[in-house]
Amino acid sequence: MKRMADITHWADVVADEVLAKGRKHLVATGITPSGHIHIGNMREVVTADAAYRALLDKGAQAEFVYIADTYDPLRKVYPFLDESYAEHVGKPLSNVPCPCGKHQNYSEHYLEPFLVALERLGIHPTVYRADELYKQGVYTDAIKKALAKRNEIAAILQSVSGKTPADTWSPFNPICSACGKINTTIVTGFDQEAETVDYSCSCGNSGTVSMKGGGKLTWRVDWPARWKALGVTVEPYGKDHASKGGSYDTGMLIAKEVFDYDAPFPIVYEWIMLGNEGAMSSSSGVVVSISDMLKVVPPEVLRYLIIRTKPEKHIKFDPAQPLLNLVDEFERLHSVDAPGSYEKRILELSHAVGICHTDIPFKHMITIYQAAGGDFGKIMHIVKRAGYDTANERCIKELADNVGNWLEMYAPEFAKFSVKNELPVQAASLSETQRAFLASFSKLISLRAELSGEDYHNLVYSAKEQDSELTREMAQLLDVKPEQVQADPKELFKAVYTAVLGQQSGPKAGWFLSSLEKDFLVERFRKASEYKP
RNA sequence: GGGCUCGUAGCUCAGUCAGGCAGAGCGUCUGGCUUUUAACCAGACGGCCUAGGGUUCAAAUCCCUACGAGCCCGCCA
């Protein structure tokens, strides 16, 4: 039986295997920015980043690149697109107009927020855009080889994937100069000297394009061409490419036989499942975008979500209550005094630079935030009174913002409460004993200086003692002897929650009350005790 | 039709590559401060490791076969 300390993190296992082949490596990842880039896609880049970091840690000479497939055609009018996009279906994404009009083109619209998110996650690959790589001629050699060996590639596709490419099939798809589409053209000839390709298009047009940017290789050829052109040695990819006869299988053979290149070390990863809604998918609209998640939790928690799970296991992700457990778990791990080597490694790989930490737990801030009604001045006031370090105000602000967004976007109802501005009508249901308690409680609080959470807590429980100040006050109001006061603390707490929140339960009472203004409480409890419907 | 991955405590999962006492967190329960609530601390409960077979001195771990779950592929990622 191995102890946790003996476990090697999967990223280090990958690094070790890869290092057995050589010291110099290029880790690559790529995503098509055809829709909101979601946390399922994030798995790819975080996985790549983990492998990259592990390689660097072992002294390898490693680089990390991210290729945005901006030259892919728009496949269809996705549910989140306007119908007017019908005319753009088939055009390369970088030639399709931006949905909001503020970006250079369609792919930039989705790419930009993703790149911002990468920055926050502490992931810094060299970013390439496929359309630029093609236009710069990075793929030209590969295009020449692929066109020349068209039949060989077709044979590989047939033998591995079991389907015969059509006679008109070509590894290269020209962009039609008339209709702008890339998936409607047929290659009719090419010139290796001039580096041009002739085509005819189903729109009736025909012409000649340059190999530099005039079109792109079909996916199954594009991928191995990229390996060769950039020198990719390690690449994570989704299980969609990992099927028998899938694009990794064909890519591996095409790389070897057409481009004379060994396929990169594969890291196959599973999907992230969203709650009970199934796999995330940009085209179906079942999506939690990375940008949304970064509004809600620190980036390191998102990294941790990916890092702690082996790539081949699927991850269940739920941004509602289960997200709190994740945050909790991470905070706990973070505060362990002597973490084992495995835990330490998880933390290292989850680490993102430039993140600030506070010692305030996320869950605690949920209460503080709501007690303060979201007002940051009040939040700081409460935080200070609770004895937390307040020097790092910026970090506390970040945490408060996260919590505020979480409450608004994902929090289940039971986690929410609000301190009512007026006495809640539920006060009508208070019993005589509860009223007497609130009146006495109000009076005693008003006579004291500042009370701590514990003070409040103890004061409530003092109702159980016959000779306490509270019991005597209540007895007088109820016109009975102190020993006849029958106060169940449970009922008293309910009275407190009813008066302040209009509900039967709430956050840990003593601590909660200490985060509210004393004068407010005195007034509120007095009113509640006198309330007559 | 073909393939991949997963199945371990109520829940989420480590541990499987490299066989050697069945693990963690959460939840639950109990306890700690005269103190049931949504902060804190300690402890306990909790398991035929999906099933069956094989290899082995020894199997959650390796092999085979079922079953269950999820997913992918069938030149449109």
Side-chain angles (χ1 to χ4, degrees), chain A residues 1-4 6-10 13-14 16-17 30-32 34 69 72-73 75-76 89-90 153-154 156-158 160-166 169 171 173 183 218-223 237-251 268-271 273 278-279 281 283 305 308-318 321-322 324-326 328-330 332-333 340 342-343 346 360-361 363-368 370 386 414-417 453-454 457-465 468 488-490 493-494 496-497 504-512 514-515:
Chain A
M1 186 62 205
K2 285 174 195 166
R3 285 198 299 273
M4 288 295 269
D6 302 323
I7 300 165
T8 310
H9 190 269
W10 57 261
V13 174
V14 166
D16 285 338
E17 286 189 40
I31 293 173
T32 305
S34 58
D69 284 328
D72 270 6
R75 302 282 171 199
K76 62 175 181 178
V89 171
I153 295 172
I156 290 172
L157 291 177
Q158 176 173 4
V160 176
S161 71
K163 291 273 181 160
T164 312
W169 181 86
N173 298 127
N183 58 355
T218 187
W219 161 246
R220 287 204 181 225
V221 184
D222 175 285
W223 203 20
Y237 52 90
K239 62 198 253 173
D240 51 339
H241 297 319
S243 271
K244 186 93 177 164
S247 41
Y248 184 80
D249 276 3
T250 53
V268 179
Y269 62 86
E270 254 284 357
W271 298 153
M273 316 296 293
S281 150
S283 50
L305 174 74
R308 67 169 183 162
T309 312
K310 290 199 296 188
E312 65 268 24
K313 300 267 263 187
H314 69 237
I315 294 176
K316 282 187 194 168
F317 180 76
D318 186 337
Q321 202 196 358
L324 294 187
N325 294 337
L326 184 74
D328 233 28
E329 197 179 303
F330 183 73
R332 198 174 292 270
L333 197 58
Y342 182 69
E343 287 83 355
I346 296 253
I360 308 170
K363 277 185 177 173
H364 204 168
M365 182 56 90
I366 290 174
T367 303
I368 296 176
Q370 296 184 97
F414 77 87
K416 296 186 195 175
F417 66 85
E454 204 181 351
H457 193 80
N458 288 332
L459 188 55
V460 175
Y461 274 96
S462 72
K464 284 171 79 176
E465 298 162 22
S468 72
D488 177 2
K490 187 178 178 180
F493 281 121
K494 273 188 189 170
V496 166
Y497 294 129
Q504 298 269 305
S505 61
K508 206 86 169 173
W511 184 83
F512 173 55
S514 75
S515 67

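Remember, it's a predicted structure, so these values are computed and weren't measured experimentally.
At a threshold of 4.0 angstrom between heavy atoms, the contacts of A:A166 include nucleobase atoms, whether or not backbone atoms are also involved. When heavy atoms are screened at a 4.0 angstrom cut-off, A:D72 is found touching base atoms of the nucleic acid. Residue contacts shown for A:W223 are absent, as no nucleic acid heavy atom lies under 4.0 Å away.
One donor-acceptor pair, N or O on each side, does fall under 3.5 Å between the base of B:A77 and the side chain of A:T32.
In this structure, the ring of A:Y237 has its center no less than 6.0 angstrom from the ring center of A:Y269.
B:U56 is unpaired under the Watson-Crick or G-U wobble criterion, no partner having all donor-acceptor distances under 3.5 Å. B:U36: no Watson-Crick or G-U partner with both key distances under 3.5 Å is found in any strand. Pair assignment for B:C4 gives B:G70, based on Watson-Crick or G-U wobble hydrogen-bonding distances that are each under 3.5 Å. For B:U65, the paired base is B:A51 (Watson-Crick or G-U wobble, both distances below 3.5 Å). The partner of B:G43 is B:C29, judged by Watson-Crick or G-U wobble contacts that both fall below 3.5 Å.
Of the candidates B:G15, B:C71, B:G2, B:G15 carries the atom nearest the A:K310 side chain, counting heavy atoms from C-beta on. In this structure, the nucleotide among B:A14, B:A38, B:A39 sitting nearest to the side chain of A:H364 is B:A39. When distances are taken from the side chain of A:E329 to each of B:G74, B:G25, B:A77, the shortest belongs to B:G25. When each of B:C26, B:G70, B:C76 is scored by its nearest atom to the side-chain atoms of A:N325, the top-ranked nucleotide is B:C26. Here B:A77 is the nucleotide among B:C73, B:A77, B:A14 with the atom lying nearest to any side-chain atom of A:D69. In this structure, the nucleotide among B:C6, B:U5, B:C72 sitting nearest to the side chain of A:S243 is B:C72. The side chain of A:D240 lies closest to B:C72 when the candidates are B:C72, B:A14, B:C71. Candidate nucleotides B:C13, B:A18, B:A38 were compared by shortest atom distance to the side chain of A:K313, and B:C13 ranks first. Closest contact between the side chain of A:P165 and the listed nucleotides B:C75, B:C73, B:U5 involves B:C75. Distances were taken from every side-chain heavy atom of A:K316 (C-beta onward) to each of B:U12, B:A14, B:A77; the shortest belongs to B:U12.
A:W219 has its CH2 atom 13 Å from the P atom of B:C73, to the nearest Å. In this structure, the CG atom of A:L324 is 11 Å from the P atom of B:G27, given to the nearest Å. Look at CZ on A:F330: it is 23 Å from P on B:U12, rounded to the nearest Å. One can place NZ of A:K239 at 18 Å from P of B:G2, the figure rounded to the nearest angstrom. Atom CZ of A:F512 is separated from atom P of B:A39 by 14 Å (rounded to the nearest Å). When rounded to the nearest whole Å, the span between CG of A:L305 and P of B:U12 equals 15 Å. Here the C1' atom of nucleotide B:C13 and the CD1 atom of A:I315 are 11 Å apart, to the nearest Å. The interatomic distance linking A:N173 (CG) with B:C75 (P) rounds to 15 Å, in whole Å.
For the P atoms, the distance linking B:G46 with B:A9 amounts to 14 Å, nearest Å. Rounded to whole Å, the separation between the P atoms of B:A42 and B:A24 comes to 14 Å. Taking atom P on both nucleotides, B:C29 is separated from B:C73 by 45 Å, rounded to a whole Å. Rounded to whole Å, the separation between the C1' atoms of B:A60 and B:A51 comes to 14 Å. To the nearest whole angstrom, the two C1' atoms, one in B:A38 and one in B:A44, are 23 Å apart. Separating the C1' atom of B:G25 from that of B:A14 is a span of 10 Å, rounded to the nearest Å. Taking the P atom of each, B:G31 and B:C11 are spaced 26 Å apart, rounded to whole Å. Taking atom P on both B:A66 and B:G2, the two are 13 Å apart, rounded to the nearest angstrom.
Between A:H241 and A:W223, the ring planes are tilted. Angles from 30° to 60° get that label.
Salt bridge A:R308/A:E329: present, at least one basic N to carboxylate O contact under 4.0 Å.
Taking the side chain as every heavy atom from C-beta outward, A:I315 and A:E270 never approach each other to under 4.5 Å.
Distance check: A:T8 OG1 to A:D16 CG gives 7.5 Å after rounding to the nearest 0.5 Å. Summarising the geometry, atom CD belonging to A:E343 is positioned 11.0 Å from atom NE2 belonging to A:H9; distances are rounded to the nearest 0.5 Å.
Of all heavy-atom pairs spanning A:W10 and A:T309, the tightest one is NE1-O, 3.1 Å.
Distance alone, capped at 3.5 Å, places no donor-acceptor pair between the A:Q158 side chain and the A:A154 backbone.
RNA chain B is contacted by both A:T218 and A:E17; A:E17 maps to the nucleotide lying nearer its 5′ end (nearest heavy atom per residue).
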